[in-house]
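In what follows, every chain begins at residue 1, and chains take the letters A, B, ... in the order their sequences are listed.
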There are 2 protein chains.
Amino acid sequence: MTRDEGLGRRDRKKRQTRAALAAAALRLVAERGLDQVTVEEIAEAADVSARTFFNYFATKDDALVGDTAGDRDRVLRALAAVPAQVPALAAIRSALAGVIDEVEGDAALWLLRMQVVMQHPMLLARLVSGNATTEQAMVEALAARTGHDPDDGYPALVVAVTGAALRTAMVRWATGGGSRSLADLLDEAFAAVAAGLPDPRTPDRPGATAPGVHRTR
Amino acid sequence: MTRDEGLGRRDRKKRQTRAALAAAALRLVAERGLDQVTVEEIAEAADVSARTFFNYFATKDDALVGDTAGDRDRVLRALAAVPAQVPALAAIRSALAGVIDEVEGDAALWLLRMQVVMQHPMLLARLVSGNATTEQAMVEALAARTGHDPDDGYPALVVAVTGAALRTAMVRWATGGGSRSLADLLDEAFAAVAAGLPDPRTPDRPGATAPGVHRTR
DNA sequence: AACAAAAATGCAGTGCCTGCAAACTTGCGC
DNA sequence: GCGCAAGTTTGCAGGCACTGCATTTTTGTT
């Protein structure tokens with residue numbers, strides 16, 4: 001899964017247990033549905049006690065959506081590394097590159113995850129929108145980049161909108177079974193947003209709309 | 001609250017009980033925090049049994065976010081009423097007018113609601129994003145309007161992005177204590193989206209950016 | 001007043017999640 | 001190898017959200 005080179009046996013085993021729990025949770029919920037699977041069953045499938053499950057995940061849902069916190073930090077660091085003169089949308093798009101790569105690298109896991117998550121809107125919201133802390137951090141990072149007052153409204157709007165774009169791209173990616181590259185789908189969504197979401201059916205200037213937005217495949 | 005003219009005493013009392021439960025829930029949670037308030041306490045404050053609470057709301061959260069289903073239907077009907085040649089963004093903006101009016105009409109209730117909801121991202125996501133059914137319905141309605149294949153991606157992107165815009169507008173509205181009109185804030189957000197979220201600090205063409213997006217108040 | 005539909009309630013039960021304390025495992029210096 | 005300290009797993013008791021079912025109470029109608 002994720003890199004686990006420079007770690008002692010102890011931490012390696014922890015990662016292993018965590019992954020086993022997440023995998024068991026995804027498999028069982030995909031088979032039976034969220035409320036037809038108990039934490040006890042998940043723990044059993046991963047060969048640990050039910051109590052131990054809660055040493056790894058605060059809630060049953062957390063085992064399904066995966067480790068969002070780690071990704072967040074990476075995105076924030078990537079965003080800080082983008083030169084300040086890059087426009088906001090492009091900067092965020094490039095900051096997301098690392099996460100996108102990881103998702104496409106673990107395609108099987110993520111397709112299963114999306115399949116599960118898409119059947120439970122509560123989970124879907126948590127997958128991208130994550131927690132308020134993260135979103136707040138993104139807003140502040142963006143405000144710092146563009147020299148805005150964080151209360152301004154603009155940074156918050158950009159973060160919310162790009163989050164929505166990411167969400168729809170991932171849903172589309174999963175719906176198509178991963179046949180189209182997630183990076184492409186995300187580029188398309190960002191291009192459409194940058195163009196102001198023109199109606200592809202009645203473009204003001206036929207050549208000026210975002211390329212590919214209305215292509216089905 | 002909402003109109004209750006042509007109803008017998010029975011339904012009037014039901015509405016009353018429902019409103020009392022929601023109000024009690026909001027007040028108590030605002031005072032103490034979500035997990036410091038039990039359903040039993042909410043029910044007690046509304047002078048009904050705990051079991052009765054669940055006859056009105058499926059979950060504790062539902063008492064806090066209010067009746068989303070009713071609003072949805074209204075938005076969908078309003079969207080269907082907008083002439084098909086109106087561009088997607090403008091159509092959605094005008095379909096939201098009814099809900100906006102209702103929110104501003106009950107400003108005190110909604111400001112309290114937002115105050116509570118903003119402290120629990122789980123609730124915030126549910127407030128606008130609602131359930132998948134609604135979002136799906138919006139996507140289909142939009143696809144029908146624009147003559148798109150619903151799997152196209154464009155309608156889903158527009159619905160997700162406008163939802164994000166609505167969410168940020170409501171947060172801003174509540175953060176400002178309702179000092180700026182919600183309709184204004186929403187117009188601003190939609191204008192920024194329609195303009196492709198230009199960075200207000202370095203606009204391509206100074207006069208062409210969305211008006212007011214970077215004004216603090 | 002009598003009746004039927006609707007609503008409120010109590011009760012038992014499941015499952016998520018937490019704190020605590022007791023076992024157990026692991027890494028490390030000797 | 002031995003023992004110690006730190007980290008991990010586990011069981012247990014308990015609180016709370018939520019559900020299904022049966023019973024009682026209220027309400028609108030005849």
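- Going from atom CD of E41(B) over to atom C1' of dA17(D) covers 13 Å, rounded to whole Å.
- For Q115(B) and Q119(B), the side-chain atoms include no donor-acceptor pair closer than 3.5 Å.
- Side-chain contact between V158(B) and T146(B) is absent, with no heavy atoms from C-beta onward closer than 4.5 Å.
- In this structure the side chain of V116(A) never reaches within 4.5 angstrom of the side chain of L34(A), judged on heavy atoms.
- Distance, L34(B) CG to dA17(D) P: 9 Å, rounded to whole Å.
- Rounded to an integer number of Å, the gap from E40(B) CD to dC11(C) P is 12 Å.
- Once rounded to the nearest 0.5 Å, the distance linking CZ of R74(A) with CG of D101(A) reads 8.5 Å.
- Rounded to whole Å, atom P of dA17(D) lies 5 Å from atom NZ of K60(B).
- Separating the CG atom of D35(B) from the P atom of dA17(D) is a distance of 10 Å, rounded to the nearest angstrom.
- Counting to the nearest Å, the C1' atom of dG15(C) and the CZ atom of F53(A) are 13 Å from each other.
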Protein-to-nucleotide contact annotation, 5' to 3' order, nucleotides 5-12 of chain D [B base; S sugar-phosphate only; - none; under 4.0 Å, heavy atom]
-BBSBBBB
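- The nearest whole Å value for the distance from the CZ atom in R32(A) to the C1' atom in dG15(C) is 14 Å.
- The phosphate of dA7(C) has neither OP1 nor OP2 within less than 4.0 Å of any side-chain N or O from K13(B).
- E44(B) places its CD atom 11 Å from the P atom of dG10(C), with the value rounded to the nearest Å.
- Between R167(B) and L127(B) there is no side-chain heavy-atom pair separated by less than 4.5 Å.
- Evaluation of the side-chain contact (heavy atoms from CB on, under 4.5 Å) rule for A24(A) yields I42(A), A45(A) as partners, not counting sequence neighbours.
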